[in-house]
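Order of listing sets the numbers, starting from 1, for every ligand and every atom in it.
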Amino acid sequence: MKNVIGHKNPDTDSVCSAVAYAEYLKQQGEEAQAFALGELNKETQFVFDKFDMKRPEIISELEAGSEVVLLDHNEVGQAIDNLAELSLVEVIDHHKVDLKTDKPISICVKPLGSSCSIVAEKYFSEGIDLDKKIASLLLAGIISDTLFFRSPTTTDTDKKLVEGLNEIVGLEDLEQFSLEMFKAKSDLGDISTENLIRLDYKEFNFKDGKYGIGVMETTDVDFGLKRREEIFEKLAEIKEKDNLKAVYFTIVDILNEKSYTLYSDEEAKKLFTELFSAEDQNGILFVDKLVSRKKQIVPVFEG
Ligand SMILES: [Mn+2]
């Protein structure tokens, strides 16, 4: 039995690609089941409700020796807690590779806009039956990860796949659908400041130490900016608690393609300002056209 799992702090791409790939494996006659490593975010919940899909079960560990397929991640820090005790058999991802294995495994990593794109390509290229519900999830995953083609991670392949998928799904207005998804993602209600920061949060080992970078992609920038004082406080707290070099929280204005970054301390502020020629707007670091942690933020820190 293959357990197909997306990353911690699951986003729409990781959950949808895992569910769609488990289905793909089943169609190949394999036993497979998708799981999520945490509560689905509001956008993902919206997608599963809209297409009347059952949400994957949430787990944090699997029985030792279980076979796992990692979707949308390949770094241990983002994976299931007891990965070391499991049998990793396959990885499908569109992130940089930082992986060591003790045996040969199947790896499919492509520089596409989403992991759902890779899974959709597999369905199409191998002529596997793709039903409307699974096609809907794949469509949603691509739209989510590429911010409906606004992100610089978008490729022509992603656009073609969305076209092909929508021939099956038949949504009349994809722009409208994407806005509904982004609106759902932006509706965070009374979320705590720490959960807000950690909603889409990853740690990275850069040359001089470990950094934490949280991202909030939203159509309602003010939701985050209004809470600036508590966010600054919490970032400083997380830096100490998790023993990090610096912690950032970037609020991405999806529709206008710009971002506002908050930071854990003055040193972190100085570094970010230099790296991205950020404009200090009342203490918040504004950068036009900076929207992708993966393609624009992380590579600059690494460079
Ligand atoms: Mn992804």
Can a salt bridge be assigned to the pair Glu302 and Lys207 using a cut-off of 4.0 Å between side-chain N and carboxylate O?
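Here Glu302 does not pair with Lys207 in a salt bridge, since their nearest N and O are not under 4.0 Å apart.
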Please report the closest heavy-atom contact between [X] and [Y], naming both atoms and the distance.
X	Y	result
Tyr123	Asp129	CE2-O, 3.5 Å
Phe48	Arg55	CD2-CA, 3.8 Å
Gly189	Lys42	N-NZ, 4.5 Å

Show, in sequence, the C-alpha distance, side-chain angles and deciding distance for Ser114 and Asp13, and conclude whether the side-chain contact (heavy atoms from CB on, under 4.5 Å) test is met.
CA-CA 7 Å; Ser114 73; Asp13 184 37; 3.5 Å; yes
The Mn ion (ligand 1): which protein N, O or S atoms are under 2.8 Å away?
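The answer is Asp13 OD2, Asp72 OD1, His94 NE2, Asp145 OD2.
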Flag side-chain contact, heavy atom, 4.5 Å: Thr250 against Met216:
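Not touching, per the 4.5 Å side-chain cut-off.
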